[in-house]
Amino acid sequence: MRILIVEDEAKLQAILERGLRGEGFAVDTAAGAQSGLDFIKSFHYDLVVLDLLLPDGSGVTLLKHLRDRNKTLPVLILTARSDIESKTLTFQAGADDYLTKPFSMAELTLRVKALLRRGSVAQVDEIRIEDLEMNRLTRQVKRAGKRLELSPKEYSLLEYLMLHAGRTLSRSMIVERVWDQSFEGFTNIVDVYVGHLRRKVDEGFDVKLIRTVRGIGYCIQPCED
Amino acid sequence: MRGLVKWRAVEFRLLLFYCLLLLSLGGLFSMFTVASFDRFEKEALRTDVEDRAGEIWAIGGGLLNQPEVLRELLERRFSPEMQNRFIRLSTGGHVIYQSGPPVSREFDPRTVPLPARMRAADGRNYGALYVVAMDFRQPDHRVVTVESGQSTVFVETPRDNLISSLLLGLPVLLAFAALGGYFLMRQAWAPLSHMIRAAEAITFNDPHNSLPLAGTGDRIDVLAQALNRMLDRLDSTYQHASRFSADAAHELRTPLAIVRGELEFIAGKADLRGDVRAAVTSIGDEVRRLTDMTSDLLTIAHLDSMGGKKEHASVDLAALATETIEQMYLLAEEKHIRLEVPTSPPAWVSGDRNRLKQVLVNLLDNAIKYTPEGGEVEVQIQSLGSVVQLTVRDTGIGIPVEHHEDVFQRFFRISTNRGQKGAGLGLSIARSICQAHGGTLTAHSISGSGSEFRLELPIERI
């Protein structure tokens with residue numbers, strides 16, 4: 001997998017490069033919008049990490065040029081702006097995901113991996129992990145054949161975890177998808193809801209399915225690494 | 001000009017002054033008119049009566065010795081009984097002829113005494129009778145006094161009529177003038193009232209909005225221009241300030257990202273000494289705190305510059321509260337806090353749904369955070385006249401009265417406990433959002449028995 005990083009701040013570029021190389025990706029770096037576009041024209045990339053604020057033009061413009069050439073290349077935006085309006089603007093320009101500075105490298109890695117595997121999430125009606133079953137049509141969940149009573153939020157949370165089974169999901173990813181933008185910064189809500197979900201799903205069973213990934217987020221078994 | 005009459009307002013005082021002035025001027029004018037009328041009438045009466053005395057002498061002067069002929073002539077010529085006239089000819093206290101009482105009985109001729117002193121053209125009033133006495137000398141040097149009189153009733157009646165119509169007309173005139181003055185004043189105030197409405201509608205969300213100019217070139221226009229210049233200056237200061245804080249937050253975030261990246265790199269090394277790892281963790285915590293603060297600052301700067309309200313949609317506050325509570329319910333349940341969904345009819349307000357929800361999330365999170373286990377958090381929504389009021393009441397530690405305003409100050413904390421998450425900007429952000437929606441957010445609580453946050457937003461006009 002080959003990733004292009006377009007970031008003008010040299011130190012941040014180095015951190016990104018080091019982090020993504022550490023995860024086993026092939027990484028190229030560009031320091032400006034123009035050189036970034038040149039790289040994209042010359043090589044094949046699987047993903048682009050793009051800073052929105054570049055010295056020679058806005059990242060949004062570069063994104064639009066890029067979208068004209070390649071409709072499907074996943075783009076992860078890095079920005080200092082966290083307001084809903086600029087977020088909307090960026091998604092409209094064709095970004096796939098969005099990360100506000102300062103971000104944790106672990107979070108970035110999770111999102112990069114999620115983007116690279118995008119599309120592999122099957123639109124299935126039934127998901128089964130070990131003896132945990134979810135029917136997405138009837139919204140029923142069973143563990144070892146016994147029905148679990150879940151609140152709508154608990155159901156959404158479990159659904160999100162199960163659809164991405166085996167992958168670590170960060171707290172902010174969970175808040176963004178299961179709650180909404182109004183809850184930004186209230187990631188403690190995730191811990192509370194996972195706690196409750198865990199009591200309903202795992203209590204009384206030898207195999208604990210929901211796993212906490214320390215300092216990052218949660219994952220439903222079998223987790224990688 | 002809304003509501004009741006404001007007694008001390010300039011409009012009312014002007015009107016009062018104007019009416020008093022009109023009243024005194026009208027009174028003076030009426031008095032002058034009545035006096036002139038009276039004098040003119042008396043003068044006319046006097047001339048009339050004097051002329052008649054001369055005429056009486058001319059007719060009767062030669063017939064003093066034939067009283068019967070004299071009476072017949074005088075009565076045919078002057079018909080005193082019918083015309084309310086008084087005629088008497090006398091000499092040396094002896095009456096030669098005296099007219100009888102008038103048919104109208106306006107005066108009694110017998111009550112008129114004989115003239116004591118003889119003087120030419122001496123006018124006197126005897127009740128409703130005006131009498132002039134004139135002396136004439138006979139060829140035999142006998143002095144004959146001719147008295148000619150006329151009832152003044154025909155003079156007084158029009159004068160009384162004049163007075164009563166003036167007395168009646170003046171208040172009516174005054175009432176019309178006051179009403180006219182009031183409407184004229186309203187007319188004059190109209191551009192000002194227009195300006196007041198325009199000024200109230202101006203917020204910093206749309207800086208292009210300025211006060212309308214009537215184009216009349218009067219002082220109200222000049223005022224509008226001066227206010228517009230002031231608004232421009234305010235606006236540019238405002239833009240500058242919010243632009244600066246936005247830039248500052250931007251510039252802070254990139255170095256923070258680098259610090260965080262490097263720290264994580266160090267923390268990822270397996271061979272760290274225990275005390276070094278503790279130090280790295282501590283720095284990490286502080287970086288996170290700085291990060292939260294920067295985020296909140298950026299949010300505030302953004303709210304300030306955008307006015308927080310960009311999207312105008314109809315939002316049902318009751319449904320929004322229910323939805324938010326359902327999404328946060330477990331936070332309360334975790335602490336065995338009773339938190340119930342409010343039962344209230346839809347309460348529509350106009351605004352940005354996400355921002356308003358952010359306020360509710362903030363208020364609920366605070367309430368749950370500061371309420372001990374087993375407590376209660378209550379959300380109530382009601383429509384009060386032109387506003388929707390939402391209250392979040394808890395049974396927590398409460399806020400001392402002296403800090404009711406402080407809690408909305410940026411970076412304010414009651415306790416210096418650093419363990420609490422957040423930078424103390426949540427309530428400040430919430431209030432900014434409410435204000436941008438034309439509403440208010442206030443704290444009402446008693447220390448020790450819980451707090452109540454009251455959110456008021458204008459009801460959406462349909």
Side-chain angles (χ1 to χ4, degrees), chain A residues 7-19 22 51-53 78-88 99-109 151-154 156-157 175 178-197 199-200 215-216, chain B residues 246-247 249-265 267-268 281 284 287-288 290-292 294-296 298-299 301-303 306 310-311 320 323-324 326-335 352-362 364-365 368-369 421-422 426:
Chain A
E7 165 64 64
D8 62 308
E9 184 67 43
K11 284 184 182 171
L12 198 55
Q13 195 191 71
I15 290 168
L16 288 168
E17 193 179 355
R18 182 179 68 203
D51 190 341
L52 211 53
L53 211 69
L78 295 182
T79 175
R81 300 190 60 179
S82 61
D83 53 278
I84 296 162
E85 288 80 9
S86 67
K87 210 174 262 192
T88 315
L99 208 50
T100 311
K101 289 180 197 173
F103 48 87
S104 92
M105 201 55 221
E107 176 86 38
L108 181 101
T109 312
S151 75
K153 267 284 119 147
E154 289 168 328
S156 307
L157 177 61
V175 164
V178 181
W179 278 267
D180 57 53
Q181 291 146 328
S182 307
F183 287 86
E184 206 176 275
F186 291 90
T187 45
N188 62 319
I189 203 168
V190 176
D191 300 330
V192 172
Y193 273 79
V194 169
H196 275 255
L197 191 60
R199 238 167 280 159
K200 290 181 180 174
I216 299 172
Chain B
D247 283 348
H250 269 116
E251 294 306 316
L252 280 169
R253 278 189 157 171
T254 307
L256 273 175
I258 296 166
V259 172
R260 187 167 177 178
E262 301 292 16
L263 266 179
E264 282 174 356
F265 176 67
T281 311
V287 169
R288 208 156 296 130
L290 265 174
T291 305
D292 288 346
T294 323
S295 301
D296 287 348
L298 195 62
T299 305
H302 183 71
L303 281 175
M306 301 296 291
K310 205 185 174 195
E311 219 175 281
L320 191 67
E323 180 194 309
T324 313
E326 276 165 359
Q327 290 188 344
M328 297 177 79
Y329 184 73
L330 282 184
L331 285 185
E333 201 180 276
E334 183 84 351
K335 291 176 75 179
D352 183 331
R353 199 173 182 281
N354 281 324
R355 292 287 186 211
L356 289 174
K357 190 167 175 183
Q358 208 177 341
V359 174
L360 296 182
V361 170
N362 246 304
L364 284 169
D365 186 67
I368 294 168
K369 207 190 296 176
K421 195 191 159 285

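Numbers restart at 1 for each chain; the letters A, B, ... are given by sequence-line order, proteins then strands.
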Any residue meeting side chain to side chain donor-acceptor pair (under 3.5 Å) with Q327(B), in chain and number order, not counting sequence neighbours:
K357(B)
Output all residues satisfying side chain to side chain donor-acceptor pair (under 3.5 Å) with D51(A), sequence neighbours left out; order by chain, then residue number.
K101(A)
For V192(A), does its backbone N or O pair with a side-chain atom of E334(B) as donor and acceptor, under 3.5 Å?
no
Under a 4.5 Å heavy-atom cut-off, does chain B meet the side chain of A14(A), its backbone, both or neither?
neither
Can you tell me which of S104(A), P152(A), G22(A), G19(A) forms the most heavy-atom pairs within a distance under 4.5 Å of chain B?
S104(A)
For Y329(B) and Y193(A), the nearest pair of non-hydrogen atoms, with its separation, is N-OH, 3.2 Å
Go through L252(B), L360(B), L331(B) and name the one with the most non-hydrogen pairs under 4.5 angstrom from chain A.
L331(B)
Atom pair CG (L330(B)) and NE2 (H196(A)), whose distance is rounded to the nearest 0.5 Å
4.5 Å
At a 4.5 Å cut-off on heavy atoms, which part of E326(B) comes close to chain A: side chain, backbone, both, or neither?
backbone
For K335(B), does the NZ atom have more than 12 heavy-atom neighbours from other residues, nucleotides or ligands under 6.0 Å away?
yes
Taking every non-hydrogen atom, the tightest pair across F265(B) and R18(A):
CB-NH2, 3.0 Å
Select, from V178(A), I189(A), T79(A), L108(A), the one with the greatest count of heavy-atom pairs under 4.5 Å involving chain B.
I189(A)
Separation between CD1 of I15(A) and CD1 of I258(B), rounded to the nearest 0.5 Å:
6.0 Å
Does D365(B) form a side-chain contact (heavy atoms from CB on, under 4.5 Å) with N188(A)? I'd like the steps, not just the answer.
CA-CA 10 Å; D365(B) 186 67; N188(A) 62 319; 4.1 Å; yes
From F103(A) CZ over to E264(B) CD, what is the distance, rounded to the nearest 0.5 angstrom?
9.0 Å
Report which part of S151(A) has an atom under 4.5 Å of a heavy atom belonging to chain B: side chain, backbone, both, or neither.
neither
Please round to the nearest 0.5 Å and tell me the distance separating atom CG of L256(B) and atom CG of L12(A).
11.0 Å
